[in-house]
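For reference, the structure discussed in these notes is given below.
Note that ligands are numbered from 1 as they come in the structure, with each ligand's atoms numbered from 1 the same way.
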Amino acid sequence: MNPAGWMFSGLARQRRASGAESCFLPVAGVKRMRGSAFGILLLIVGGLAVPPCFATASSRPNALTLWPPMGWNDWAHYQCGYTAQTILENARELVSTGLASRGYKIVTIDDCWMLRTRDSDGNLQPDPERFPRGMKPVIQAVHALGLKFGIYEDAGSATCGRFAGSGEPDKGGKAHFIEDARLFASWGVDYLKLDGCNVHAGKGESQEAAYRAAYRAESEALQRVGRPIIFSESAPAYFQDTPDWYDVLTWVREYGQLWREGTDIAVFDAQRPDAPRFHSVMWNYAYNLPLGRFQSPGNWNDADFIIGGDSGLTLAETRSQLALWSMMSAPLILSSDLRRVSPAAIAILGNRAVLSVDQDPLGRMATLIRRTPFFDVLLKQLDGGNDAVAVLNRGKKPLHIELDAGDLGYARANCGFAARNLWSGAREDKTSILEAEIASHDTAIWKIRPAAGCGAPAPLGAITRIASGRHRDAESYTLCLSSTGHVEACSGSKAESWSVSAAGELRSSKQCLTDAGGKMLMQTCTSAVPQLWRYTLAGNLINRGDHLCLTGSESKGVTAEACGHNLKSQIWSLPNARVAQ
Ligand code: GAL
């Protein structure tokens, strides 16, 4: 048990070296588990790939999801405009471009594959116009290419396109989770994306309880069909912008391996083929980045499809999407017409060095080190003591950036690092500065290996909360906590730079955030309880002294108040923080 309730990466690294990293388990009453890298190996060899950390009693182990899933899905390019041939052509393209050998292996058919009604025996029926020979031969052909096959269904009475759903019929009656799961297993399905349209709560039941019951039922059905099927849950996306969002994000990992938390990424529109789509990439990045505490190897936040390489995104924007998704350890599910993606874009999407950042075994979310109106600096801790650093230029003009060890949370004196620019491949064996010229909407990304003199990095970065109202862009979605006593549009100022101590102090400019009876002051750090904060999975910062929650109001400034149910003003995202109990 970590008495302070905090587990930061610096500490986690040391624990890993001794093979005894302890894990947080979200379900009350379930015993904590211990694990190590060695543990992962043993379990995979034994055919039972249980992720060593964050496995819950009911989360279903699956060797394929110890790393974020990678593949292709038709939706963002074709929506319902596809046939079996479209799917197979794209599957072949994955192989011939070399993308499959780089990890993009799961080919998923999205909505519209079936008829609106079931047959007289209650079975789902593939649309005979799209799949004249049924579904099985398509799946066999995908498998013959050395790929995995995924399918789409819905937890409600009908899919979002109003085709037959697996959930309870509108007017009551029996759900079809087990029958459909059996059918999928008999076809050889490896991955199920279960959407959440048309889920209806029963009398006196909350929406959240209705979703939970449906996703639990699917999870139980999948466990009974004798075939490992990766379970991708869309439930959280139906609660975005509500307090229940955080509750749903807490239970989804008991049932599946990845989950969509929010709005769809912009789809290709054949009527407006060149319509820009980068704003949508920025929005999905914005809402995914603050949710790192919910993911860990085996369970992934899904920021939605990679549309890089398709119309509406430039090469610079394609680099940004892949780099940002990789910094977030997000699933990489391409959704474009691969036959038309340029060789230059294929080279970006297949960049092994960047993909290795995504697939890093620690599965961390990047920390937002600094956000200004024009650029973001991110740092992601990697296995083996390396870090990845990325700088996104959101602005319209080129950006010249120079970062030294101190900017990344290391001691400035005596700290140098070996660095590799992952786009150009340029290496420097010893440098104290990362430097790049970054075009508008482009992202620079490096892997660095800090020298021994650097010591452990401080968990340094911005502390953010989600702004009130409905904002749909990276700039206004998050507010930064400032040591001036405000929450404000992030400016990148020194007052927005915090480090979080292992005991739970929030430090900025060498002073600690102190709860003086509900009033917040920056004072000399003494480790007294009014300066110690416990971080919860939902995202509250609870003061150890008076048990009030850190509250950042746009109008009233920063105070400590009674904790409410997942109030936006009380949910925080912290640098490198992981939650321990
Ligand atoms: C949405 C989902 C999309 C796609 C679509 C199909 O709810 O987010 O990714 O699956 O439904 O109708």
Side-chain angles (χ1 to χ4, degrees), residues 68-83 86-87 90 104 106-116 124 126-127 130-131 135 149-167 180 184 189 191-200 207 210-211 214-215 218 229-242 245 248-249 252 256-270 277 280-281 283-288 291 300-308 310 312 321 325 330-337 472:
M70 294 174 66
W72 178 90
N73 174 304
D74 56 78
W75 182 258
H77 188 84
Y78 299 96
Q79 295 99 74
C80 299
Y82 68 89
T83 64
T86 325
I87 305 297
N90 276 286
Y104 295 97
I106 308 170
V107 172
T108 300
I109 300 190
D110 212 282
D111 205 353
C112 316
W113 63 264
M114 78 284 262
L115 295 181
R116 295 191 187 275
L124 293 168
D127 179 340
R130 296 176 205 280
F131 299 96
M135 195 57 84
F149 184 85
I151 206 156
Y152 169 100
E153 242 300 350
D154 193 280
S157 55
T159 71
C160 299
R162 301 221 67 87
F163 298 89
S166 288
D180 295 351
F184 298 153
V189 166
Y191 175 108
L192 170 68
K193 168 176 170 181
L194 192 72
D195 212 337
C197 277
N198 307 306
V199 174
H200 307 289
Q207 275 298 109
Y211 274 80
Y215 280 84
E218 180 68 65
I229 297 180
I230 297 169
F231 185 19
S232 159
E233 307 169 85
S234 299
Y238 290 83
F239 294 86
Q240 192 176 22
D241 267 333
T242 74
W245 198 33
V248 179
L249 283 166
V252 271
Q257 290 77 40
L258 65 156
W259 45 82
R260 285 275 313 282
E261 321 94 58
T263 328
D264 288 10
I265 202 125
V267 298
F268 170 74
D269 176 358
R277 294 203 269 164
S280 160
V281 170
W283 161 234
N284 283 35
Y285 157 66
Y287 74 65
N288 196 61
L291 299 177
W300 308 103
N301 295 315
D302 179 358
D304 208 4
F305 303 125
I306 297 285
I307 54 173
D310 206 7
Q321 194 187 16
W325 264 231
L332 301 177
I333 318 276
L334 307 172
S335 195
S336 43
D337 176 355
R472 287 284 181 267

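- Ligand 1 has no N or O atom lying under 3.5 Å from any N or O atom of D304, backbone or side chain.
- For ligand 1, the atoms lying closer than 4.0 Å to a non-hydrogen atom of Y152 are 6 (C), 10 (O), 11 (O), 12 (O).
- Heavy atoms of R260 found under 4.0 angstrom from ligand 1 belong exclusively to the side chain.
- In terms of protein heavy-atom proximity, atom 10 (O) of ligand 1 is closest to D110 OD1, 2.6 Å.
- Distance alone, capped at 3.5 Å, is enough to place a donor-acceptor pair between the R130 side chain and the C80 backbone.
- Within ligand 1, counting atoms from 1 as listed, the ones closer than 4.0 Å to a heavy atom of Y238 are 7 (O).
- Residue C160 has at least one heavy-atom neighbour below 4.0 Å for each of these atoms of ligand 1: 7 (O), 11 (O), 12 (O).
- Closest to atom 12 (O) of ligand 1, if we only count protein heavy atoms, is D111 OD2, 2.8 Å.
- No option in W245, W259, Y211 other than Y211 meets the ring-ring contact (aromatic ring centres under 6.0 Å, His included) test with F239.
- For the pair Y287 (side chain) and T263 (backbone), a donor-acceptor distance under 3.5 Å is present.
- The protein atom (non-hydrogen) at minimum distance from atom 11 (O) of ligand 1 is D195 OD2, 2.9 Å.
- Scanning the protein heavy atoms around atom 8 (O) of ligand 1, the nearest turns out to be D264 OD1, 2.5 Å.
- The CH2 atom of W113 sits 13.0 Å away from the OG1 atom of T108 when rounded to the nearest 0.5 Å.
- A salt bridge is defined here as a Lys NZ or Arg NE, NH1 or NH2 lying under 4.0 Å from an Asp or Glu carboxylate O, and R472 with D241 meets this definition.
- Rounding to the nearest 0.5 Å places CD1 of I307 at 11.5 Å from NE2 of H77.
- Near K193, with a cut-off below 4.0 Å to any heavy atom, the atoms of ligand 1 are 3 (C), 4 (C), 9 (O), 10 (O).
- How far CD1 of I109 is from CG of N90: 11.0 Å, rounded to the nearest 0.5 Å.
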